[in-house]
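As structure tokens, the structure follows; a few thoughts come after it.
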Amino acid sequence: MIQVENLKKHYGPTQALAGVSFEVPRGEVLGFVGPNGAGKTTTMKILTGFLYPDEGSAKLGGLDVLEQPLETKKLVGYLPESNPLYMEMSVLAYLRFAADIRGVEGRYRKAAVEKVVRDCGLGGVKGKDIGELSKGYKQRVGLAQAMIHDPDILILDEPTSGLDPNQIVEIRNLIKKIGQERTVILSTHYLQEVEATCDRVIIIHQGRIVADDKLDRLVSQDGDLPLLLGVVGPEEKIRTQLQELAGKGNVESLDRRGDAFFCRLHGLPREMGNEAIFDLLVTRNGWKLVELHRETPRLETIFRKLTGGTEEPVPVEDEREEALAASSSPGEEKGGSE
Amino acid sequence: MNKALVIARREFAAYWLSPIAYVVLGLFLFLNSYFFLNPMFFQMGIATTQNMFNFWGQLFIFFIPAVTMRLWAEERKQGTLELLLTYPAKVPELVFGKFLAALAFIGLGVILTLPAVFTVAHFGDLDWGPVVGGYLGGILMVSAYLSLGLFFSSLTENQIVAFLLTLFALLILNLSLFIQISESGNIPYWITWMLSLVGLGNHFLSLAKGVVSSQDVLYYLAFTAFFLWMNALVLEAKKWRG
């Protein structure tokens with residue numbers, strides 16, 4: 001559905017894109033991740049026809065965005081980063097305008113407007129001026145205008161930035177719903193958003209793609225999937241026995257709380273599942289197992305590794321990890337220290 | 001529906017959502033009536049629209065910038081230009097849509113001056129030739145002013161800057177009108193001749209006398225087309241620069 005080949009773009013002396021190539025098949029939800037200024041927005045602007053590339057080509061549905069701009073623009077719905085809207089217009093008037101300018105035929109316009117109002121949950125505010133709406137509702141209006149012509153492709157530039165946690169969840173669910181029948185590219189700083197909504201992720205850094213894979217593969221190629229263990233028993237014995245089991249791996253002591261000893265087991269062969277651990281600790285030694293959990297490496301970790309770490313603090317807003325960190329290892333820095 | 005008309009309709013409706021529109025229109029009609037039906041008019045005892053038209057050239061210098069300043073500058077400031085340029089519409093269609101909206105707005109003001117003209121026609125023997133010429137010429141002149149204002153609005157995201165640039169440009173292009181008024185005798189003839197040749201308002205004055213020359217009409221049409229085209233170029237250039 002989308003083919004991008006060797007896109008390059010300069011803004012004056014700054015190189016925004018240094019040769020970006022990727023393809024997106026029909027129906028996929030692709031996440032664009034990268035630090036500010038990495039080239040996410042530039043790529044999206046080229047796909048939507050707002051910006052011309054210096055070099056390279058971009059095709060939507062087989063049509064080149066430079067050669068047939070009017071045709072490719074019809075295929076795309078676009079939510080720009082700043083979500084620009086005509087604040088003085090009412091939601092309905094604005095959506096009618098969007099339908100007209102998008103070429104929705106007059107007799108289908110009413111139905112098209114009604115559909116996006118319903119899909120985006122705008123029923124209660126459709127008569128209000130856009131300027132009066134909360135940020136979350138404005139974002140919905142932005143999404144609604146992007147979908148008014150029922151496009152095959154949706155390009156959403158940071159659709160949840162600046163929203164409160166409830167609104168973020170709502171918009172994400174909306175995107176998931178939309179993504180079931182459309183090809184979607186969305187950019188975000190929230191890696192958890194990628195995990196929540198995307199089939200595939202492209203990490204872009206300094207105008208280049210540094211990773212492009214299915215989410216689960218990208219996460220697993222990081223190799224080590226450590227196990228988090230909590231055992232009630234003698235610490236030394238537990239350590240040695242686990243060490244034997246893990247072979248080349250190692251045991252990282254984390255914490256003692258009450259009777260329980262918490263540790264992280266690295267380097268355990270993947271095929272050795274939870275059963276082996278249970279057998280060893282409980283069946284053979286009769287210790288109590290209070291926690292057994294395979295830690296998936298956070299996309300944050302991979303992201304930092306690929307984009308050179310600390311250039312930009314990545315917002316961590318993962319409740320799961322926070323809860324885990326609080327319960328098992330209060331002293332540990334979250335997100336890893338690689 | 002035609003994309004230019006979609007833009008024009010939204011833009012025309014947008015005028016009425018701001019108090020500026022009412023102020024501009026009200027002030028225009030007030031000043032127009034003032035110049036038209038001032039005491040001089042009744043002393044002359046002639047049914048003519050000439051003194052109204054005589055002031056149009058100058059009157060629009062101050063009103064057109066207020067009508068056009070918002071059109072692109074606001075789109076740039078709010079970021080809505082980005083969406084506008086990703087719609088399946090050609091840039092010239094967008095430009096023409098904006099132009100049509102502004103023309104409709106100011107055209108409404110012009111139409112609202114008609115009751116005064118009909119009043120005069122009712123009481124005296126009005127020569128309709130110059131009236132028709134004046135209104136047609138007025139529309140042409142306004143089109144030229146508007147295209148200039150639109151162009152300057154596309155250069156900035158600040159409405160005030162757009163207003164001042166347009167006002168300044170219109171004043172320069174209309175220097176001849178003011179020189180004629182001051183009847184300054186110590187300016188060499190060739191300068192006033194040059195000024196009246198480029199003078200935007202001058203061509204209107206001859207049309208308003210009922211002398212419809214193709215030269216004057218073409219002058220306005222070419223001027224309008226040139227600046228609308230420049231406006232489209234400015235927007236196209238944005239796609240390269242980002």
Side-chain angles (χ1 to χ4, degrees), chain A residues 9-12 14 16-17 41-42 44-54 65-66 68-90 93-94 96-106 109 129-131 142 145-146 148-149 151 155 157, chain B residues 1-22 69-98 100-101 105 153-154 157 159 232-242:
Chain A
K9 181 74 191 174
H10 290 263
Y11 297 118
T14 350
L17 290 181
T41 299
T42 303
M44 292 180 148
K45 283 179 174 173
I46 290 172
L47 288 176
T48 55
F50 176 60
L51 204 58
Y52 296 136
D54 295 341
V65 294
L66 283 181
Q68 286 159 288
L70 291 184
E71 296 307 310
T72 58
K73 282 172 176 178
K74 282 181 192 162
L75 297 173
V76 180
Y78 180 37
L79 173 63
E81 186 175 356
S82 56
N83 187 23
L85 300 164
Y86 295 111
M87 297 300 168
E88 73 285 356
M89 290 176 94
S90 80
Y94 176 64
R96 284 188 199 125
F97 162 72
D100 286 340
I101 195 78
R102 280 293 189 182
V104 176
E105 275 183 58
R109 190 180 75 172
D129 286 352
I130 294 172
Q145 66 79 24
I148 190 87
H149 55 305
I155 294 182
D157 200 352
Chain B
M1 203 205 301
N2 183 303
K3 296 291 155 61
L5 287 180
V6 175
I7 296 288
R9 203 172 54 173
R10 196 206 76 79
E11 210 60 63
F12 186 74
Y15 273 118
W16 307 103
L17 298 173
S18 148
I20 295 178
Y22 300 93
M69 62 180 185
R70 198 193 85 250
L71 291 170
W72 290 115
E74 190 67 4
E75 300 266 8
R76 290 182 59 147
K77 190 173 174 203
Q78 301 296 339
T80 41
L81 183 62
E82 182 169 354
L83 270 180
L84 212 50
L85 291 178
T86 60
Y87 293 137
K90 298 190 189 96
V91 168
E93 289 177 321
L94 303 177
V95 173
F96 197 63
K98 295 262 182 188
L100 278 183
F105 178 76
S153 182
S154 74
E157 48 183 64
Q159 293 192 36
L233 282 189
V234 169
L235 297 176
E236 278 293 338
K238 264 197 86 61
K239 293 188 177 183
W240 287 112
R241 274 181 290 114

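Lettering follows sequence order; numbering is per chain, from 1.
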Subject >> Which portion of Glu74(B) sits near chain A, non-hydrogen atoms under 4.5 angstrom >> reply: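 No part of Glu74(B) comes within 4.5 Å of chain A.
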
Subject >> Phe96(B) atom CZ, neighbour heavy-atom count above 12 within 6.0 Å >> reply: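 At most 12 heavy atoms, drawn from other residues, nucleotides or ligands, come within 6.0 Å of this atom.
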
Subject >> Heavy atoms from other residues, nucleotides or ligands near CG of Leu233(B) exceed 12 (cutoff 6.0 Å) >> reply: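 Counting other residues, nucleotides and ligands, CG of Leu233(B) exceeds 12 neighbours.
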
**OP:** Answer yes if the side chains of Gln78(B) and Tyr86(A) hold a donor-acceptor pair under 3.5 Å, and no otherwise.
**Re:**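 Looking only at side-chain atoms, Tyr86(A) and Gln78(B) do not form any donor-acceptor pair under 3.5 Å.
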
**OP:** To the nearest 0.5 Å, tell me how far Leu51(A) CG sits from Trp240(B) CH2.
**Re:**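 Answer rounded to 0.5 Å: 9.0 Å.
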
**OP:** Please determine, among Val76(A), Ile101(A), Asp129(A), Asn83(A), the option with the most heavy-atom pairs under 4.5 Å with chain B.
**Re:**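 Ranked by contacts with chain B, first place is Ile101(A).
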
Original post:
Do you know which of Gln145(A), Met87(A), Glu71(A) has the most heavy-atom pairs under 4.5 Å to chain B?
Top reply: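 Among Gln145(A), Met87(A), Glu71(A), the one with the most close pairs to chain B is Gln145(A).
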
**OP:** Please flag which part of Ile46(A) lies under 4.5 Å from any non-hydrogen atom of chain B: side chain, backbone, both or neither.
**Re:**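 Interface part for Ile46(A): neither.
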
Original post:
Heavy-atom distance under 4.5 Å to chain B: side chain of Pro69(A), backbone, both or neither?
Top reply: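 Contact with chain B involves no heavy atom of Pro69(A) at all.
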
**OP:** Work out which heavy atom in Lys9(A) is nearest to a heavy atom in Lys239(B); give both atom names and the distance.
**Re:**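 Minimum heavy-atom contact is NZ-O, 4.2 Å.
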
Original post:
Do the side chains of Lys45(A) and Glu82(B) get nearer than 4.5 Å, heavy atoms only?
Top reply: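 Yes, side chains in contact.
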
Original post:
Can you check whether Leu83(B) reaches Phe50(A) side chain to side chain, under 4.5 Å on heavy atoms?
Top reply: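 Answer no - side chains too far apart.
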
Original post:
Would Glu88(A) and Arg70(B) pass as an ion pair if we require N to O under 4.0 Å?
Top reply: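 So Glu88(A) does not pair with Arg70(B) through a salt bridge.
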
Original post:
Under a 4.0 Å N-O cut-off, is there an ion pair linking Lys3(B) with Asp100(A)?
Top reply: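 Salt bridge absent between Lys3(B) and Asp100(A).
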
**OP:** In sequence, state the C-alpha distance, the side-chain angles, and the governing distance for Phe97(A) and Ile7(B), and then conclude on side-chain contact (heavy atoms from CB on, under 4.5 Å).
**Re:** CA-CA 8 Å; Phe97(A) 162 72; Ile7(B) 296 288; 4.2 Å; yes

Subject >> Donor-acceptor under 3.5 Å (Lys74(A) side chain, Tyr87(B) main chain) >> reply: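 No; judged by distance alone, with no hydrogens or angles, the pair does not exist.
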
